[in-house]
Amino acid sequence: MTKLGVYIQVPFCRTKCTYCNFHTGVVPARRFAPYVEALCREIRSHSSLRGAPGVSLPAGLTVDSVYIGGGTPSLLEPRLLGEILQAIRNSFSCALDEVTLEADPETIEAEKAADWAASGINRISFGVQSFIDDELKSAGRRHRAADVYQGVGMLRNLGFANISFDLIAGLPKQTEASWGRSLEELIALSPEHVSTYIMEIDEGSRLGLEVLEGGSRYSARELPSEELMADFYALAQRELRSAGYQQYEISNWAKPGFPSRHNLKYWRREPYLGFGAGAHSFSGTERWANVHDAAAYVASVSAGQSAVESIDTVTRELAFEEELFLGLRQLAGIDLRRIERQYGVDLEAKLLHLASRGMVEREGNMLRLPADKLSVSNEIIVELLR
Ligand code: SF4
């Protein structure tokens, strides 16, 4: 069975976090249903809509993972989420092993979560970010630590056995002690999966603007330094490892058997289809993306037209770069012999040089980056590509 991932983008939030640079909007709830109607139409007509801009998929694919992300897709009524999943089941060959819903902790209610389970959602990705209320408040998050405890309790009572937590290293006001406390609280709640992201300051966010232009509203002056963020990352690696989590990607840890099947497809360059405003897709030979603006997306799809805004053919040279940049994010590494054969390259001399400096590790045909060198992965890969 050749597997296919389906990503669903729900670009709506209740408020905008201070650091957010995503294409998400705060819109009235009455806009959710027309958006979902367009989503279902795009899913049902995926072959013809894709045919118009000229992108194609290999035949015989079976959808085994669905990821509903955003934005805050847990804002949608469960009925609408159920309709999206039904449209996928009706339109593709499916053997759905992993169906993830991103949920903000304050949006979880027992009744809603029971409906999620009934519609086939079996994995919840929680946007926890921090367990320190003052940090959550400064970042403009709506939830507080108590919402996380309450939400996890409800999900466990309903039988959800695959829960992921996101944490952000580098929030304003974060210190090594407070980061350590967030890690401790997370470990005590024992989610099956953990993602930790290093804060990236973007001028498209309110916090990023304050960094550039000054001011005190978003606590830009209380951002941890880059050196401190590197220490946060190293502390997460140590604490999560000793709590029994295996790091399988630069930003991701899992208990045995719980790496995200869907996200692995991105790093392994397996095909996935994205539906919704700004959603990206990959066929193995082409990458394409829908228009970002939600209203423009709904208008296109409702008029029976494709919402694809850009298509890029992945040349052999680009594919080779992707193999290294995406593949080496994984702790398992990449199959060096396959890559050398497939792309007609010989990396031996460069690898000898990097290995002598402890920058890469070899085990049989597998090539990987050592866990303590992941923070400089880009520099190592650039050297391999030179
Ligand atoms: S919840 Fe996520 S997508 Fe929404 S504003 Fe906050 S960071 Fe952005």
Side-chain angles (χ1 to χ4, degrees), residues 7-29 31-32 35-36 39 67-77 80-81 100-109 112 116 123-148 150-152 163-174 182 193-211 217-220 223 229 251-252 260 262-263 274-280 289-295 297:
Y7 177 82
I8 302 292
Q9 170 66 355
V10 179
F12 307 126
C13 291
R14 257 193 201 138
T15 48
K16 196 86 177 161
C17 303
T18 65
Y19 57 85
C20 183
N21 64 346
F22 297 151
H23 291 272
T24 56
V26 177
V27 302
R31 293 221 359 227
F32 297 167
Y35 182 80
V36 169
L39 261 176
Y67 194 104
I68 309 175
T72 311
S74 54
L75 287 178
L76 297 185
E77 271 176 55
L80 296 177
L81 292 169
T100 302
L101 175 72
E102 280 184 356
D104 279 359
E106 80 283 3
T107 61
I108 296 185
E109 293 160 21
K112 267 169 75 175
W116 296 344
R123 183 173 185 269
I124 302 293
S125 176
F126 254 75
V128 174
Q129 321 311 2
S130 166
F131 281 87
I132 311 298
D133 283 351
D134 205 25
E135 292 170 13
L136 292 167
K137 197 169 155 205
S138 299
R141 301 290 311 192
R142 291 178 69 95
H143 73 276
R144 297 294 175 260
D147 297 311
V148 179
Q150 205 181 344
V152 170
I163 296 180
S164 179
F165 280 8
D166 286 356
L167 283 188
I168 298 179
L171 288 171
K173 303 189 174 182
Q174 212 165 35
S182 283
H193 187 276
V194 180
S195 302
T196 66
Y197 298 106
I198 305 266
M199 174 76 118
E200 282 180 22
I201 304 292
D202 186 283
E203 61 189 67
S205 69
R206 287 175 292 161
L207 179 61
L209 267 186
E210 191 171 284
V211 169
R217 188 153 178 213
Y218 305 119
S219 309
L223 278 165
M229 285 197 266
S251 307
N252 289 283
S260 161
H262 184 84
N263 289 343
F275 296 104
H280 288 244
N290 280 351
V291 61
H292 270 119
D293 182 74
Y297 166 80

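Values below: all heavy atoms of this structure, side chains included; hydrogens, waters and symmetry mates excluded. Numbering of ligands and ligand atoms starts at 1, following listing order. Count residues from 1 along the sequence.
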Applying salt bridge (charged side-chain N to carboxylate O under 4.0 Å, His left out) to Glu77 and not counting sequence neighbours gives Arg79
Could you tell me whether Arg141 and Asp104 make a salt bridge, using a distance below 4.0 angstrom between a side-chain N and a carboxylate O? yes
What count do you get for protein N/O/S atoms less than 2.8 Å from atom 6 (Fe) of ligand 1? 1
Qualifying residue, where the test is side chain to side chain contact (heavy atoms under 4.5 Å, CB included) with Tyr67 and the options are Asn263, Ile8, Leu101: Asn263
Arg123 meets the salt bridge (charged side-chain N to carboxylate O under 4.0 Å, His left out) criterion, sequence neighbours left out, with none
Numbered atoms of ligand 1 (with element) below 4.0 Å of Gly71, judged on heavy atoms: 3 (S)
Using the test side-chain contact (heavy atoms from CB on, under 4.5 Å), find all partners of Arg206 that sit at least two apart in sequence or belong to another chain. Lys16, Thr18, Tyr218
Among His143, Lys137, Glu135, side chain to side chain donor-acceptor pair (under 3.5 Å) partner for Ser130: Glu135
